[in-house]
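Remarks on the structure that follows.
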Amino acid sequence: MTQAEPLVSKPSVVAIRDLHKSFGALEVLKGISFEAREGEVVSLIGSSGSGKSTLLRCINMLEVPDQGSVSIDAEEIRLRGRPPHRQIADEHQIRRIRSELGMVFQSFNLWAHLSILDNVMEAPLVVQKRPRAEVEAEALAMLAKVGIAEKAHAYPNQLSGGQQQRAAIARALCINPRVMLFDEPTSALDPELEVEVLRVIKLLADEGRTMILVTHDMEFARSVSDRVIFLHQGLIEEEGTPDQVFGATRSARLKQFLNAASHT
Amino acid sequence: MTQAEPLVSKPSVVAIRDLHKSFGALEVLKGISFEAREGEVVSLIGSSGSGKSTLLRCINMLEVPDQGSVSIDAEEIRLRGRPPHRQIADEHQIRRIRSELGMVFQSFNLWAHLSILDNVMEAPLVVQKRPRAEVEAEALAMLAKVGIAEKAHAYPNQLSGGQQQRAAIARALCINPRVMLFDEPTSALDPELEVEVLRVIKLLADEGRTMILVTHDMEFARSVSDRVIFLHQGLIEEEGTPDQVFGATRSARLKQFLNAASHT
Amino acid sequence: MSDDLAFWLGYLTNGKHLTWYASFQFTIFAALLGGSLAVIFGLIGATLKNSRYLPLRLIGSFYSSIVRGVPDVLFFLFFPLAFEQAVEWLVATQVCTPELIAAQSAAWPPCQAANWYLGTPEYLILASVSLGLVYGAFATNVIHGALRAVPRGQLEAARAYGMSASQVLWRVHIRQMWVYALPGLSNVWMLVVKATSLLSLLQIADIVLWADRLGAPNFLPTVGLVHDDWRWRYYLVLFVFYIIVTLLSERGFEALMRRAGRGILSERTN
Amino acid sequence: QETVRIATEGAYAPWNFLDDAGKPAGFEIELGNAICETAGLTCEFIINDWDSIIPNLLAGNYDVIMAGMSITDERLATIDFTANYFPPDPSRFVAAGSDQIDIAALSGKRVGVQGGTIQAAYAEENLAGANTVVSFGTADQAMADLAAGNLDTIIADGAYLEPVVAASGGAIVFVGEDVMIGNGVGAGLRKDEAGLKTKFDDALTALKKDGTVDTLIAKWFEGRGPYFAE
Amino acid sequence: MQVLLNEIVAFWPAVLFNLYFAAASIPFGFVFAVLLALGKASTNPWISRLSRGYIYAFRGSPLFIQFFMFYSLALSLNISVWKPMGVSWFVLHPLFIGPLVLMLNTAAYTAEIFYGALRAVPRGEVEAARAYGMSRFQQFRSVIWPNLIRLAWPAYTNEVVFLFHATAIVYFALPVIGAQKDLMITAKEFFERDYNAFLHFSVAALYFLAVTLVVFFLFGLVYQRLMRHMPAPPRLRYAPRWMR
Ligand SMILES: Nc1ncnc2c1ncn2[C@@H]1O[C@H](COP(=O)(O)OP(=O)(O)OP(=O)(O)O)[C@@H](O)[C@H]1O
Ligand SMILES: Nc1ncnc2c1ncn2[C@@H]1O[C@H](COP(=O)(O)OP(=O)(O)OP(=O)(O)O)[C@@H](O)[C@H]1O
Ligand SMILES: [Mg+2]
Ligand SMILES: [Mg+2]
């Protein structure tokens, strides 16, 4: 299932090999492999419970996979031990790699006690230890980019959902990540707010940023992605360009899924 | 808007005259009068917030009206004081009258600390002070009638919603009320459970019991009622037999309401 | 060797030690009576706080906030003294003649005839009442909150079927209140238990007083077992005793909670 | 027969202490019983903490104190005493056997006393300036602190200290000069109990005369007396 | 009225002792409590068990007993430990051992409060911190601690009030040095002089009540500052709740 796009010649930024993950008796991921190349936008779709969030969380090791590997820029994240006690082997490595991965959570997870600006500046200051003046300038620029510059000194819970999600995106962007990871960036939002956020993500896609996103919005996946991956029962059931996946669906399961999706 | 039915000759069991009720600045009921005669089934319909529940709750004085009167079996419930401090004047009278009115709440309000059987027996024993043996026999009969005899010794939260609602109906029936009052008896239930409960109510209607019910289910109101009352903005906008109200709607508001109702 | 044996045997035969063991009854009595009274005062306080009449409401709030704003020891010492003095004053108004008052040299009571003797039983009861009053203020808070936690619908249903106000209160409101109040009352109980360690401050020869007396260094065989300062060992015993009581109480309350929560807390089983 | 309640501390051997049965025992208990028998009274001993023993007498919780209490002018201001049943006795200093301590020039030391005793008053007046005075609820507590080295010296009744020093086997020794304070030990009563005081005094006089008091002193305080024999 | 004023003045030196006991034990208790709370939440079973046991023991037994026990324990170690170290006079001084025991005690209660708050820290916010590469310490400083202290503050305020109340029993359990007397001992001595229980105990109570109110006020100010990120900052209410 290789792609005919020029992207194939670019280096792979995220490479996932044979990922397995179980929660107790429940095997959620049963061997997932895929790559995201420089500048590529990959969408993960699939029904609820199919393991999309788990897969995304394995990329930055918020969940430690039971088996398989994750490499960022060809550097494999080192793990040790056997499941279920598999652990991160090198705290320094993972911290360095995590600061290359800008994760945007479904429920934002903004730090409630910090102003928006402080939220955005926290990781660059604390983790990357960059000078405050530089970080502040960049943070303000990021906030302007996502369109909430005037909210810099507000606290998260003074913002609407869409504004919060955009702040969360600014926060992720400000660590200058190689890859942005989005987990259903709009599912907690009402349709109006959704539009605001999708606009920002599209903007990033157009800038050529590498992104992996989990979404329920097929329209959006189609318009923004270079590649779409359909997860089903812990495996990749179908993968390809949006046109291939949505236009020339082969898997019966995916057909059924797309059918159901278009009805809601 | 008198009716041509034979019911008109029967004595009126519930008589409401010019009922007003405000909550703070919000005037919910602006002068409601109607009667329910012996054996009659009256349905109250109207959009959300139109005051249906408030009206029902005024009948057994869970809300004390600001103005107007309620009579049960031609006996007027005595009130005293001026709004907003209007109060029940005679505690003994209201207790006697309340035990003539079997109220079934939208959210059941079964007593959580008592078994289903004890729930049903509580009021007859405590309020009416009837002998335990007699009450127990009758309670079991009521539970059998609504089809949950085998749940007599279960606690309310061990029952499904439909079973709880039927238990609530049995509880109301067991005080041998002159009138049954139902507040949206099915709106908290899923469609399957709804059917169970509607079956029981229909059964009661067929037995010729006087009932006043608030419902959102137009189909049901049509099939079970002798008379339908449409409340709008605190007033009775239209009233008549189901055929008149649903078949030959005059009010524009009601037309709009029925239209909307048929779409959901 | 046999000396040692005789010495340790002393812990089973020595009358002073036996009295010490027996004095646990004071502690247990005070805890049980104090705990029960705390619940009763809590119910009264909460009822006052819920009252429709402003003065009663104020009394309820005043009771629960003032008592809680002051250390338990202070109230614990004050109440028996104040109660004794109040009784003596009342008696004095009846029995004291001017001559008797003139004959009285001490500052209190007004006259000797009005004096009220307090022995261990009286002190024990006063101490328990005192504990009840102090922790009743805490229980008031707990029960007040629990009464408000009972869903309104449960009460409306009772009213709708014609129950009188007191029937609603006793048959539904208070019955359901326990489930919400138990965790807080369990906490109050633990406080009462721990406060029983203060009994010796009221001249009751309780476990703490005996631990001090028996543990003190003793050189004279006539006075008791001869040993150095062993007090910390005796206190360690009490320390462990209280921890065990806490442990058992916790178990007890868990069981109680399961019973009271039947129907309200248990999940659906079918 | 009139019932008289006698308060004692129960922690001041050999005057008063709790015996192996947990009952009050000691010199004052036997003497008290003898007095009551002579005076035709029914007696009952009550245990009360030292520091509240006078207040509780005044409050009427009992009628008499027999707790090794010395007769002092200060106490006479609030309560009455019978004639003494133990003669004026020196208060003495003790220290741990290993310590070198100069009582005559006592300075910068920690002096233990039982709160509310004549020795406490003495220490407060004469020693508090240059030393630290630490007061304890019971004499035994003070003794424990001395034995543990938390005090440099204790000042207490000689008759209380003697058996302790004797039994300690050199661990605790007398130091310095004795101090004469107090007018002997007597039974304390409320001032308005003149009748009771008379009964006690009469009984005491009789018991002193017939040698009972001396016998009891000899029994409980080894090698003391006779004091009251004609 | 004059009597009352005189009385209030007479109690003034005494309240300083209670204030001292509270002030000396609260800061150390706070720090110790944080360690204990983290210990209880630790994944290391031994650290967790030890912290849990400590908290249970100190919350499960009366402070009064703890005073007696620790004083006599310290006393029995005097000859072998404190004396040779030359700290004897210091260790056994009520002004040291009093706050020490109070500190050990309040640390257990506070640790339980902090532990509860620790478990209530929003998981998502901590995950976000992890996702951006923060180390465990950075996570604690940036996210966990600010959340914890906010969640725990109302309960902690209560604990401070009751710690202050607990200072009332220090001198019932420890020897009194010279004229160093706190509110309770003063009230008791005054009472034994003239039997005016209502006056003396009321004035002592008044002092306790006043300090209680001041604590609620000051801690309330802090709370308002802590909660300034909330649209409508919740107010700290006068609500003394538990005692030891
Ligand atoms: N921490 C966990 N412990 C146990 N089970 C978990 C955990 N996280 C996820 N699961 C289970 O793993 C399965 C996959 O979860 P996941 O969140 O990855 O699904 P998803 O595809 O993101 O679904 P959705 O679209 O609803 O977010 C689900 O059945 C879920 O219950
Ligand atoms: N106790 C109350 N206090 C204040 N306002 C109230 C109270 N009860 C009802 N209201 C208000 O009165 C209006 C009518 O309420 P009511 O419950 O009678 O409506 P309803 O017709 O039963 O609506 P629904 O179909 O949603 O149940 C509503 O606007 C409601 O907000
Ligand atoms: Mg998900
Ligand atoms: Mg309604």
Side-chain angles (χ1 to χ4, degrees), chain C residues 10 13-23 77 81 84-85 88 99-120 122-123 200-205 209-210 212-232, chain D residues 3 5 7 9-14 16-23 25-26 44 46-49 52-63 77-80 136-148 150 161 163-169 171-172 190-194 220:
Chain C
T13 57
N14 185 298
K16 263 203 271 193
H17 281 88
L18 296 180
T19 317
W20 180 37
Y21 309 143
S23 70
L77 288 182
L81 293 175
E84 185 190 359
Q85 292 199 344
E88 288 171 340
E99 302 85 73
L100 280 174
I101 293 174
Q104 171 70 325
S105 60
W108 191 267
C111 74
Q112 211 47 61
N115 184 48
W116 180 28
Y117 285 104
L118 290 183
T120 298
E122 289 87 353
Y123 264 127
S200 61
L201 297 179
L202 286 179
Q203 300 302 329
I204 296 169
L209 187 106
W210 279 110
D212 187 72
R213 292 277 165 96
L214 294 172
N218 180 34
F219 302 98
L220 313 173
T222 41
V223 175
L225 302 177
V226 174
H227 56 64
D228 293 337
D229 186 6
W230 278 10
R231 277 175 301 173
W232 71 267
Chain D
T3 302
R5 297 160 183 250
E9 187 196 359
Y12 205 59
N16 58 74
F17 59 90
L18 298 172
D19 67 10
D20 282 355
K23 298 273 172 296
E44 184 188 337
I46 290 176
I47 303 295
N48 197 96
D49 278 354
S52 60
I53 205 163
I54 292 181
N56 280 342
L57 171 78
L58 294 174
N61 276 351
Y62 34 76
D63 311 300
T78 46
I79 59 172
D80 239 347
F136 293 84
T138 67
D140 286 350
Q141 287 172 359
M143 199 53 78
D145 276 50
L146 179 76
N150 185 36
L161 292 172
V164 175
V165 168
S168 76
I172 295 171
R190 280 185 301 273
K191 289 199 165 176
D192 52 2
E193 296 277 15
W220 290 102

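In what follows, chains carry the letters A, B, and so on, assigned in the order in which the sequence lines appear, proteins first and then strands, with residues in each chain numbered from 1.
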Practice task
Select one option (side chain, backbone, both, neither) describing which atoms of D/Asp63 are under 4.5 Å from chain C's heavy atoms.
Solution key: side chain
Completion exercise
The interface call for C/Asn218 against chain D, heavy-atom contacts under 4.5 Å, is neither
Fill in the blank from the handout: Interface check, chain C: of D/Asp145, D/Ile79, D/Val164, D/Asn61, most non-hydrogen pairs under 4.5 Å belong to D/Asn61
Practice task
Name the region of D/Ala147, side chain, backbone, both or neither, that has any atom closer than 4.5 Å to a heavy atom of chain C.
Solution key: neither
Practice task
Measure distances from D/Ile172 to the heavy atoms of chain C and classify the residue's part below 4.5 Å as side chain, backbone, both or neither.
Solution key: side chain
Practice task
Could you look at C/Trp210 and say if it's the side chain, the backbone, both or neither that has a heavy atom under 4.5 Å from chain D?
Solution key: side chain
Practice task
Give, as side chain, backbone, both or neither, the part of C/Glu88 having an atom under 4.5 angstrom from any heavy atom of chain D.
Solution key: side chain
Handout entry: Over all atoms of both residues, closest heavy-atom pair of D/Asp49 and C/Gln203
Key = N-OE1, 3.0 Å
Problem - Partners meeting side-chain contact (heavy atoms from CB on, under 4.5 Å) with C/Thr120 (sequence neighbours left out) - result: C/Phe26, C/Ile204
Practice task
Evaluate the side-chain proximity of C/Arg213 to C/Lys16: yes if any heavy-atom separation is below 4.5 Å, no if none is.
Solution key: no
Problem - Partners meeting side-chain hydrogen bond (donor to acceptor under 3.5 Å, both in side chains) with D/Trp220 (sequence neighbours left out) - result: D/Glu30
Problem - Close side-chain approach of D/Glu9 and D/Thr138, heavy atoms under 4.5 Å - result: yes
Handout entry: Gap separating the CZ atom of D/Phe17 from the NZ atom of D/Lys23, nearest 0.5 angstrom
Key = 14.0 Å
